[in-house]
Every structure is written in structure tokens, then in C-alpha cells.
Amino acid sequence: MPELPEVETVRRSLLPVVLAKPISSVDIFTERIVQNRPADEFRDLLVGRSFVDLTRRGKYLLFALEGGWELVAHLRMTGRLIYYSSPSIPLAKHTSAVFRFGAEGELRFEDVRKFGTLDLVPAGDYRSVKGLYTLGVEPLSEAFTLDRFQELVHGRKTKIKSLLLDQTKIAGLGNIYADESLFMAGIHPERSAESLTAEELERLHTAIREVLQLAIEHQGTTFRDYRTGFGREGSFQNQLQIYGKKGEECPRCGVSLQYRKVAGRTSHFCPHCQREQP
DNA sequence: ATCGGTGTTGGAAT
DNA sequence: GATTCCAACACCGA
């Protein structure tokens, strides 16, 4: 569910309300959520410390703590990180963890499917967080140049959509934004990566950055579970061009939009604007 | 009411 | 190594 724009929106919304507040207590309701150490050790290490910064890498949220620790959170499919100013608000049914800041409110991790994860690591030491350790280039950073993208694609026979979803190549794209980027660039999701022309690569490179930036401006896409750090819905679902629009008309040419499984994922495309054979 | 599908990822199998 | 498939879990809609 939450892809780069959603995670970035959560980061921006939480930033002003979770820093510099000592953690008074931590409740773990779903022990499994804590990955790399026992839950009681996790609690003991957190209590008394404050978050001093909140950054993002791909779909990971990185809470820097006093004393050289870092809390790494991943929302997976249905996770939410929401700040509540009052502890008297009843816990949501699927609350996995609560970080309390005394009288200064609390941060709750809610997660219907319980796939979300928390890791507490020495600051910057991501060796125990496998997906984070091997994460690819940040698509909105200056490091994601056209040259870098060409290197990633060079000689790769895999389908371009599979490559876009591969977090060790580019960090943060998920199913929605992969489909939207490919539509914006006019490229069929099943084209082999190495078959893309220089012009197509340039269009796709630009499309990825534009789609992600636009989605952040709209606070992400809420289909069902995703919420910002304040518990609000995003609005980019109203701006989507093709994701979830099987059978509707292509916004560019009017042809009926199709979908099929590509790389195991539901994939939407326009059979006219995105040709299988270039 | 049962069943297939859901925005992610890692590990096993190929 | 590259790629594909499936499980982890709960819910929703057909």
C-alpha cells in the first residue's frame, strides 16, 4: 500500500509532532512487529529517549533517537503511523504498537494485516535490516540521473515493470506508481528493460520523478488503509490516470484500458498508448 | 457463504 | 545471479 509518496507524506506530517518528546512508555501488542531483538529489550532501549530526526529511505521511515539509536519502520501493506494528541482516544482494533510521550500525546502503529515491521538499530547500521541495506537509488534525489537509470536498465532482460518494482534498483516505487509512470511515458509494462530506446528511457525517467512528486503534493493515494500521520486520507486517488481503471476509457486516446498480471502484480495499461511491440 | 484478490517483501524454488 | 512464486494476515466484495 504505502509507496514512496505515502511514506514521505507520513514523514512530513509526523515531523512537527514527534521530535524532542521523551518516550515515557512503549506498548507492543503484536510482538512480531519487532524484528531484530526481543520486544522487552526494544522497549527498554526506547523509554526515556526522544526522537531527534525523522527521515525516509525508499518506503522506510527512519526515526533518529538520542544516544545513537535509530528506529526503522516499514508499513508494508496496511500499516499506519498516526500521531494522537490525547491518550483517551480509544485504540484502533488492529493497533500493533504505541509510543507514548507523557502528556505530549502518542504515536500509534496500526496495521490490519500485521505485516509492518520495526527495527531498532545503532544509527546508520542497517546490516540487520535486509531490505534497507540493499536499497537502490532514491528516485527523487540528484543521484537518480538519466545516466544512472540507463546503467540500471542496461542488459536487463526482465520486464520493465519488474525492474521498476525491484527495490534494490530504485527505492520506493510500488504497483500504483509503476503503472502510472509507465502510462505517462507510453511504455508497455511487459517490454523488456533492455529493449527501451534512449528516448523511451528519458521519458520514463522523467515520468517517474513527475508522478512521485505530484503524488506527494496530493498527500498520497488512499484506496482503503493509507492515512497520513494525522490520520487523514490522501487525494492522489483522484488524479490517477489508469491504476484501478480497467475497462474505463484511456484519458489520452479513449481506448478501453486493460489489465493483466505482470510479474505477479495487477497491471493496468492502455493497449493503444503503450504498445507491446515498439 | 465461500473464494479470489489486495497497495509489500523475503525466502525458497527454479 | 536472475527470476518466479508464495506465504505472512485480515478484510472485502462478488
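To find a chain, count down the sequence lines: A is the first, B the second, and so on, and within it residues start at 1.
- Across the protein-nucleic acid pair, Leu4(A) atom CG and dG7(B) atom P stand 17 Å apart, rounded to whole Å.
- Of the listed nucleotides (dA10(C), dT9(B), dG7(B)), dT9(B) has the atom at the smallest distance from the side chain of Gln167(A).
- If you take atom P in dC9(C) and the same atom in dA1(B), they sit 24 Å apart, rounded to whole Å.
- Secondary-structure annotation of DNA chain B gives the stems B:2-6 with C:10-14, B:8-14 with C:2-8, with a stem taken as at least 3 successive Watson-Crick or G-U pairs whose two distances both fall under 3.5 Å.
- If you check every strand for non-hydrogen atoms under 4.0 Å, Tyr60(A) touches sugar and phosphate atoms only.
- A straight line from CD of Glu110(A) to C1' of dC11(C) spans 16 Å, rounded to a whole angstrom.
- Using P as the reference atom, dG7(B) and dG13(C) are 15 Å apart when rounded to the nearest Å.
- Checked by atom type, the side-chain pair His268(A)/Asp179(A) shows a donor-acceptor distance below 3.5 Å.
- One interatomic measurement links the two molecules: CG of Leu135(A) to P of dT8(B), which rounds to 14 Å at whole-angstrom precision.
- In this structure, CG of Leu164(A) is placed 13 Å from P of dT3(C), rounded to the nearest angstrom.
- The residue Asp111(A) sits apart from the nucleic acid: no heavy atom pair falls under 4.0 Å.
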>> Pair Lys93(A), Glu110(A) - check side chain to side chain contact (heavy atoms under 4.5 Å, CB included), show working.
In response: CA-CA 8 Å; Lys93(A) 182 177 178 185; Glu110(A) 303 169 353; over 6 Å; no
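- For Ile176(A), counting side-chain heavy atoms from C-beta on, the closest listed nucleotide (dA10(C), dT3(C), dG7(B)) is dG7(B).
- Using modelled atom types and a 3.5 Å distance limit, the side chains of Ser267(A) and Lys261(A) yield no donor-acceptor pair.
- Distances shorter than 4.0 Å separate some side-chain N or O of Lys114(A) from OP1 or OP2 on dA10(C).
- The Thr158(A) side chain lies nearest to dT3(C) when the options are dT9(B), dG7(B), dT3(C).
- OP1 or OP2 of dC11(C) lies within a sub-4.0 Å distance of a side-chain N or O belonging to His94(A).
- Within 4.0 Å (heavy atoms only), Gly174(A) reaches sugar-phosphate atoms of the nucleic acid but no base atom.
- Distance CZ (Arg265(A)) to C1' (dT3(C)): 15 Å, rounded to an integer number of Å.
- Applying salt bridge (charged side-chain N to carboxylate O under 4.0 Å, His left out) to Glu190(A) and the options Arg265(A), Arg275(A), Arg260(A) leaves one that passes, Arg260(A).
- Here Phe115(A) counts as stacked on dA8(C): its ring centre is under 5.5 angstrom from the base ring centre and the planes meet at under 30°.
- With no hydrogens or angles considered, a side-chain donor-acceptor pair links Tyr177(A) and Glu6(A) at under 3.5 Å.
- Tyr259(A) has its OH atom 7 Å from the P atom of dG5(B), to the nearest Å.
- If you take NZ of Lys159(A) and P of dC5(C), they are 9 Å apart, rounded to a whole angstrom.
- In the model, Thr145(A) has no side-chain atom that pairs as donor or acceptor with a side-chain atom of Asp147(A) under 3.5 Å.
- Among the nucleotides dT8(B), dT6(B), dT4(C), the one closest to the side chain of His74(A) is dT8(B).
- Regarding Leu173(A), its CG atom lies at a distance of 10 Å from the P atom of dT8(B), rounded to whole Å.
- A perpendicular orientation is assigned to the rings of Phe99(A) and Phe51(A), their planes being inclined by more than 60° (bins at 30° and 60°).
- Taking the nucleotide of DNA chain C with the nearest heavy atom to each of Lys93(A) and Lys157(A), the more 5' of the two is matched to Lys157(A).
- When the nucleotides dG7(B), dA10(C), dG11(B) are ranked by their closest atom to the side chain of Lys130(A), dG11(B) comes out on top.
- Under a 4.0 Å N-O distance rule, the pair Arg100(A)/Glu106(A) qualifies as a salt bridge.
- Heavy-atom nearest nucleotides on DNA chain C were determined for Arg113(A) and for Arg224(A), and the one closer to the 5' end corresponds to Arg113(A).
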